[in-house]
Amino acid sequence: MTTRIVVKIGSSSLTGPEGGLNREAVAFFAAEIAALRKDSCEVLLVTSGAVAAGFRGIGYASRPKLLHEKQAAAAVGQVMLMQAYQEAFAGHGIPTAQILLTRTDFCSRRAMNNAMMTVEELLRQGAVPVFNENDTVSVDELKFGDNDTLSALVANLLKASHLLVLTDMDGVYSGDPRKHPDAVRYQHIEEITPEIYAIAGGAGSSVGTGGMRSKIDAAKIATRGGVPVFVGRVTEPGDLSQAAAGTGKGTYFATTLSSLPVKKQWLGFMSTPLGSLYVDDGAVEALLHGGHSLLPVGVRRIEGSFHSGDVVEVLGPDAQLLGRGIVNYDDTQLRSIQGLPSREIVPKLGEVHRLEVIHRDEWITLR
């Protein structure tokens with residue numbers, strides 16, 4: 001059987017400390033991916049680096065901060081990046097294909113499905129699909145976070161066996177090893193707890209936008225979809241194969257969950273919630289542990305304006321996110337029946353399509 005692997009390479013691994021594309025690094029990663037393919041692996045590449053590669057070429061002295069400047073740098077750098085990949089992979093007889101996406105592409109289930117069908121055909125033809133965010137048209141509030149989130153979404157949607165997130169750090173540490181020499185590296189993380197998030201900092205370098213926190217976010221998305229994750233460093237020949245084999249220089253995030261259906265993936269990670277429902281302890285137990293639907297009696301507070309069929313977030317009494325679901329009521333209807341037992345709903349509203357606020361088939365747990 002063919003093993004499907006998604007490899008994500010960050011800006012800091014592809015560019016110099018002051019920006020500019022490092023073609024030797026691109027050639028090295030192409031050789032590592034070519035070696036993986038010889039071991040019966042399908043490889044999908046998610047790459048960052050367009051802004052970092054292009055900002056000096058367009059004349060900026062340092063990585064730009066304004067949106068239109070970053071987009072201009074990305075327009076220049078994306079051409080350079082894909083040319084470098086095309087030439088590097090051609091040396092191994094491997095064709096490449098560019099896939100530029102924005103978060104809004106994932107909000108449309110039809111667009112998402114069409115993109116994935118294209119990718120499946122590219123894999124059948126032996127190409128390496130190279131994914132990147134379409135920085136030239138993306139806006140900051142819709143960005144993927146140095147493509148870490150993008151790599152997790154791609155891994156889930158295409159049912160990858162592994163997600164390998166490559167960075168300039170050799171895994172997740174108990175503290176920043178550059179500041180705390182006694183920090184300990186985690187070899188394996190079975191569950192992403194608040195303590196794991198607490199040790200993650202901000203952006204890790206001057207040329208990238210993603211820090212360890214965004215990689216942990218990506219690991220949470222991927223493992224929730226049944227895809228185990230490696231976060232670490234690949235700097236020597238054979239390192240990528242070792243990372244795929246479970247002996248890499250980094251941290252492994254485990255998962256015991258099965259692959260999510262596409263609808264659940266869209267609901268949990270790609271949809272846009274239009275409101276928030278705060279529920280009581282009984283509803284928390286029913287949703288997280290009982291496998292039940294959310295009923296009006298468990299709803300305590302409603303925020304936002306939404307209609308039946310929209311996606312909403314559900315939060316517990318502690319305001320912690322529980323999950324997302326497709327709501328069966330308009331917000332005005334729901335406000336009139338929140339906290340009421342089911343027997344009082346029809347007398348209050350008249351005939352209703354469904355008694356449940358969110359049916360369990362239209363729900364995904366995110367805690």
Side-chain angles (χ1 to χ4, degrees), residues 1-10 12-14 24-48 85 88-89 91-94 96 119 122-124 126-131 147-148 150-173 177 184-192 196 210 212 215-259:
M1 291 182 63
T2 300
T3 301
R4 180 171 291 182
I5 296 175
V6 174
V7 176
K8 188 270 174 175
I9 307 177
S12 61
S13 299
L14 295 168
E24 291 183 357
V26 174
F28 166 74
F29 287 117
E32 288 291 281
I33 290 171
L36 265 187
R37 284 167 51 101
K38 289 180 181 178
D39 291 333
S40 299
C41 293
E42 287 180 336
V43 182
L44 303 94
L45 175 59
V46 179
T47 183
S48 298
Y85 277 126
F89 279 109
H92 302 277
I94 300 172
T96 55
V119 172
L122 289 169
L123 292 171
R124 277 193 290 271
V128 171
V130 182
F131 295 80
N147 286 334
D148 295 320
L150 175 60
S151 70
L153 295 175
V154 169
N156 280 358
L157 284 168
L158 288 159
K159 303 187 186 309
S161 302
H162 305 282
L163 169 60
L164 311 180
V165 180
L166 313 187
T167 183
D168 54 1
M169 293 285 292
D170 60 341
V172 180
Y173 281 77
V184 178
R185 186 179 72 187
Y186 293 93
Q187 299 289 340
H188 297 275
I189 293 177
E190 302 296 326
E191 181 183 3
I192 300 174
I196 296 297
M212 194 55 72
K215 288 159 182 57
I216 293 173
D217 284 337
K220 188 168 186 177
I221 293 171
T223 54
R224 181 64 184 84
V227 180
V229 178
F230 166 85
V231 175
R233 183 186 292 162
V234 168
T235 55
E236 299 177 2
D239 278 357
L240 189 62
S241 293
Q242 290 180 14
T247 57
K249 302 170 182 175
T251 300
Y252 288 88
F253 293 80
T255 180
T256 58
L257 301 173
S258 301
S259 177

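Numbering of residues begins at 1 and proceeds along the displayed sequence. Owing to the predicted nature of the structure, the values given are computational and were not obtained by experimental measurement.
Exactly one residue among Leu150, Val165, Thr47 makes a side chain to side chain contact (heavy atoms under 4.5 Å, CB included) with Lys8. That residue is Val165.
The line from CD of Gln242 to CD of Glu236 is 8.5 Å long, rounded to the nearest 0.5 Å. To the nearest 0.5 Å, atoms CD (Glu42) and CG (Leu122) are separated by 11.0 Å. The distance from the CZ atom of Arg4 to the CG atom of Leu123 is 5.0 Å, given to the nearest 0.5 Å. The line from CD1 of Ile5 to CG of Leu158 is 13.5 Å long, rounded to the nearest 0.5 Å. Within the model, atoms OH of Tyr85 and CG of Leu14 stand 4.0 Å from one another, a figure rounded to the nearest 0.5 Å. One finds the CZ atom of Phe230 at 9.5 Å from the NZ atom of Lys249 (value rounded to the nearest 0.5 Å).
Between Met169 and Pro177, some side-chain heavy-atom pair lies under the 4.5 Å cut-off. Leu166 is listed as a side-chain neighbour of Leu240, based on a closest heavy-atom distance under 4.5 Å.
The shortest non-hydrogen separation linking Asp239 to Thr235 is OD2-N, 3.0 Å. Across all their heavy atoms, Pro228 and Gly226 have their closest contact at CD-O, 3.6 Å. Contact detail for Asp148 and Ala218: the closest heavy-atom pair is O-CB, 3.2 Å. Among all heavy-atom pairs drawn from Ala160 and Val227, the shortest one is O-CG2, 3.6 Å. Residue Ala152 comes nearest to Leu163 through the heavy atom pair CA-CD2, 3.9 Å, listed as atom of the first residue, atom of the second, then distance. Between Glu32 and Ser241 the shortest heavy-atom distance is OE1-N, 4.4 Å.
Around the CD atom of Gln187, the shell of radius 6.0 Å holds more than 12 heavy atoms that belong to other residues, nucleotides or ligands.
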- Task: Mind running side chain to side chain contact (heavy atoms under 4.5 Å, CB included) on Val6 and Phe131 for me, showing each step along the way?
- Result: CA-CA 10 Å; Val6 174; Phe131 295 80; over 6 Å; no
- Evaluate the side chain to side chain contact (heavy atoms under 4.5 Å, CB included) criterion for residues Thr223 and Leu257: first the C-alpha distance (whole Å), next the side-chain angles of each, then the deciding distance (0.1 Å), finally the verdict. CA-CA 7 Å; Thr223 54; Leu257 301 173; over 6 Å; no
- Message: For a side chain to side chain contact (heavy atoms under 4.5 Å, CB included) check, start with the C-alpha distance between Phe253 and Val172, then their side-chain angles and the critical distance, and finish with the verdict.
- Response: CA-CA 10 Å; Phe253 293 80; Val172 180; 3.9 Å; yes
- Message: Under the criterion side chain to side chain contact (heavy atoms under 4.5 Å, CB included), I'd like the reasoning laid out for Met212 against Val231: C-alpha separation, chi angles, the key distance, then a yes or no.
- Response: CA-CA 9 Å; Met212 194 55 72; Val231 175; 4.0 Å; yes
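At least one donor-acceptor pair closer than 3.5 Å links the side chain of Thr251 to the backbone N or O of Tyr186. A distance-only check finds a donor-acceptor pair linking the side chain of Arg37 to the backbone of Gly126 [under 3.5 Å].
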